[in-house]
Amino acid sequence: MIPEKEEIRRELLSSGAIAVGFAAAAPVEEKEWLRYMRWLEEGRHASMDYMERYPDVRRDPRLLLEGAGTVISLAFSYVPSERRDNSNGIVACYAYGRDYHKVLKRRLDKCIEALRGRYGGEYRVCVDSAPILEKYWAQRAGIGFRGRNELLIVPGAGSMVFLAEIVTTLRIEPDEPCRDLCAGCGKCVEVCPGNALRDMNGLDSRRCINYLTIEHKGPWTDHVENEVMRTDVGRNTIFGCDLCMTVCPHNKNVRPAGMEEFQLGGPASTLSRERIAGMSREEFDREITGTPIRRAGYEGLRRNVSER
């Protein structure tokens, strides 16, 4: 059966996605690939060496699935209906609810089961689980554009979104790439405590509180790391940072997400600096399991609330 694009889009939107787009599976354009390689060469990925791995696959998503014909990009909003009180420690909004990797994979697997029964084909779901340039494919598939803060912005829905991709053997008519551009107001650049966006060469993770409190392993030993984490925001951060999104004009008046799994609840609603400082490893495993906060690890979370 010939794939019916709008029927497939409706099925995938039923997963809770706010945007679904289609792009022909092909190698990443030269200009974008060189930009990514330069970003790596300049060390802006900090210690995230996994971003250097499998460059051949990252450049050509067809290597992720034999016979791949289409890359489907999806965006899921996590805009909260309620914000936590960050006076006793900042927690990024994306960590308010359940682990999005599992939530999205579970929801998309149901859709794929329906699509396989209707059209056949093979599918590979990617939710931060494969070497693929997510923002590039989202733009190619027409669901958004890249902001000055290097985040994908979905028109009308902002940048508080999780991205996912489905690489499939189905040959689906591509959507038009998104041609929208960031307004260039510079508010995200100005508000960043670590000056991680101070030049036009892309986010410098080494100066980003989000990276330093989540992905960075071990103590902060570099003078830049300590400089950033001793800012007022750095001292009060438990997990992640939303400042560049908070000031972005594209995030104003965006409706809260309808997915209950991502709303404020569980440990994110009550977690405090004092609670973490007194938390045992067993308590961490019991209370934090199943949430994005677990990404920082027990030692990392305790480091984040240490005196400095």
Side-chain angles (χ1 to χ4, degrees), residues 23 25-65 68 71 73 75 92 94 100-101 124 126-141 143-153 159 161-165 167 177-178 181-182 184 188-189 192-229 240-241 243-245 292 295-297 300:
V28 172
E29 293 178 336
E30 183 77 8
K31 180 179 179 181
E32 180 64 21
W33 184 248
L34 291 176
R35 181 181 188 272
Y36 180 70
M37 294 303 294
R38 183 169 61 249
W39 184 76
L40 293 176
E41 289 166 2
E42 292 176 356
R44 291 171 180 265
H45 59 314
S47 66
M48 296 181 287
D49 57 358
Y50 60 84
M51 303 185 88
E52 303 173 24
R53 300 174 196 154
Y54 309 109
D56 52 341
V57 180
R58 202 178 296 273
R59 185 164 193 189
D60 190 345
R62 294 175 299 182
L63 298 177
L64 287 168
L65 181 69
V71 177
S73 289
Y94 95 84
Y100 68 92
H101 302 86
R124 179 166 177 179
C126 307
V127 185
D128 287 348
S129 57
I132 187 168
L133 297 184
E134 291 190 309
K135 287 171 284 189
Y136 169 81
W137 287 106
Q139 192 159 3
R140 289 291 301 171
I143 68 172
F145 60 96
R146 187 155 30 204
R148 177 70 174 80
N149 59 1
E150 292 295 313
L151 297 174
L152 187 86
I153 297 171
S159 60
V161 294
F162 297 125
L163 298 178
E165 299 76 41
V167 182
C178 184
L181 297 173
C182 173
C188 58
V189 178
C192 179
N195 292 315
L197 301 165
R198 60 185 175 180
D199 58 46
M200 298 299 292
N201 295 329
L203 170 74
D204 191 339
S205 301
R206 296 164 295 192
R207 306 190 68 90
C208 176
I209 288 178
N210 210 54
Y211 162 77
L212 290 170
T213 58
I214 301 174
E215 296 292 338
H216 182 79
K217 305 305 178 187
W220 301 304
T221 55
D222 184 270
H223 75 280
V224 171
E225 297 166 0
N226 281 293
E227 173 192 325
V228 175
M229 295 312 301
C241 181
L243 281 177
C244 66
M245 291 190 286
R295 178 72 177 175

Is there side-chain contact between [X] and [Y], with at least one heavy-atom pair below 4.5 Å?
| X | Y | value |
| --- | --- | --- |
| Phe145 | Leu152 | no |
| Tyr36 | Arg58 | yes |
| Pro131 | Tyr50 | no |
| Tyr54 | Leu63 | no |
| Arg146 | Leu151 | no |

Where is the tightest heavy-atom contact between [X] and [Y], given as atom of each residue plus distance?
| X | Y | result |
| --- | --- | --- |
| Asp60 | Ala26 | OD1-C, 4.0 Å |
| Cys241 | Asn210 | N-OD1, 3.0 Å |
| Ala46 | Ser205 | CB-CB, 4.1 Å |
| Gly240 | Thr213 | N-OG1, 3.0 Å |
| Val127 | Ala164 | CG2-CB, 4.0 Å |
| Cys126 | Val167 | SG-CG2, 4.5 Å |

Interatomic spacing from [atom1] in [X] to [atom2] in [Y] - rounded to 0.5 Å:
| X | Y | atom1 | atom2 | result |
| --- | --- | --- | --- | --- |
| Lys135 | Ser159 | NZ | OG | 11.0 Å |
| Arg207 | Glu225 | CZ | CD | 10.5 Å |
| Asp56 | Arg62 | CG | CZ | 12.0 Å |
| Arg148 | Cys182 | CZ | SG | 8.0 Å |
| Arg206 | Leu203 | CZ | CG | 10.0 Å |
| Ile214 | Ile209 | CD1 | CD1 | 11.0 Å |

Taking 4.0 angstrom as the limit, do [X] and [Y] come out as a salt bridge?
| X | Y | answer |
| --- | --- | --- |
| Arg295 | Asp128 | no |
| Arg35 | Glu150 | yes |
| Arg140 | Glu32 | no |
| Glu165 | Arg124 | no |

When you measure from the side chain of [X] to the backbone of [Y], do you find a donor-acceptor pair of N or O atoms at a distance under 3.5 Å?
| X | Y | result |
| --- | --- | --- |
| Tyr211 | Met48 | no |
| Asn226 | Trp220 | yes |
| Asp204 | Ala196 | no |

Practice problem: Determine, stepwise, if the pair Trp137 / Leu163 fulfils side-chain contact (heavy atoms from CB on, under 4.5 Å). | Solution: CA-CA 10 Å; Trp137 287 106; Leu163 298 178; over 6 Å; no
Self-check item: Audit row: Tyr136, Val28, side-chain contact (heavy atoms from CB on, under 4.5 Å) steps and yes/no
Solution: CA-CA 8 Å; Tyr136 169 81; Val28 172; 3.9 Å; yes
Practice problem: Anything under 30° is parallel, anything over 60° is perpendicular, the rest tilted; go ahead and classify His45 against Trp39. | Solution: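 Taking Trp39 first and then His45, their aromatic rings sit tilted (interplane angle of 30° to 60°).
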Quiz prompt | Asp199 and Arg44: CA distance, side-chain angles, deciding distance, salt bridge (Lys or Arg N to Asp or Glu O under 4.0 Å) verdict | solution = CA-CA 12 Å; Asp199 58 46; Arg44 291 171 180 265; 2.9 Å; yes
Exercise. Assess whether salt bridge (Lys or Arg N to Asp or Glu O under 4.0 Å) is satisfied between Glu29 and Arg59, documenting all intermediate values.
Key: CA-CA 9 Å; Glu29 293 178 336; Arg59 185 164 193 189; over 6 Å; no
Practice problem: Apply the test side-chain contact (heavy atoms from CB on, under 4.5 Å) to residues Glu42 and Asn201: give CA-CA distance (whole Å), side-chain angles for both, the deciding distance (0.1 Å), then the verdict. | Solution: CA-CA 9 Å; Glu42 292 176 356; Asn201 295 329; 3.8 Å; yes
Exercise. Determine, stepwise, if the pair Leu197 / Cys188 fulfils side-chain contact (heavy atoms from CB on, under 4.5 Å).
Key: CA-CA 8 Å; Leu197 301 165; Cys188 58; 4.1 Å; yes
Practice problem: Please say whether more than 12 non-hydrogen atoms of neighbouring residues, nucleotides or ligands are located less than 6.0 Å from NZ in Lys31. | Solution: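 Result for NZ/Lys31: open.
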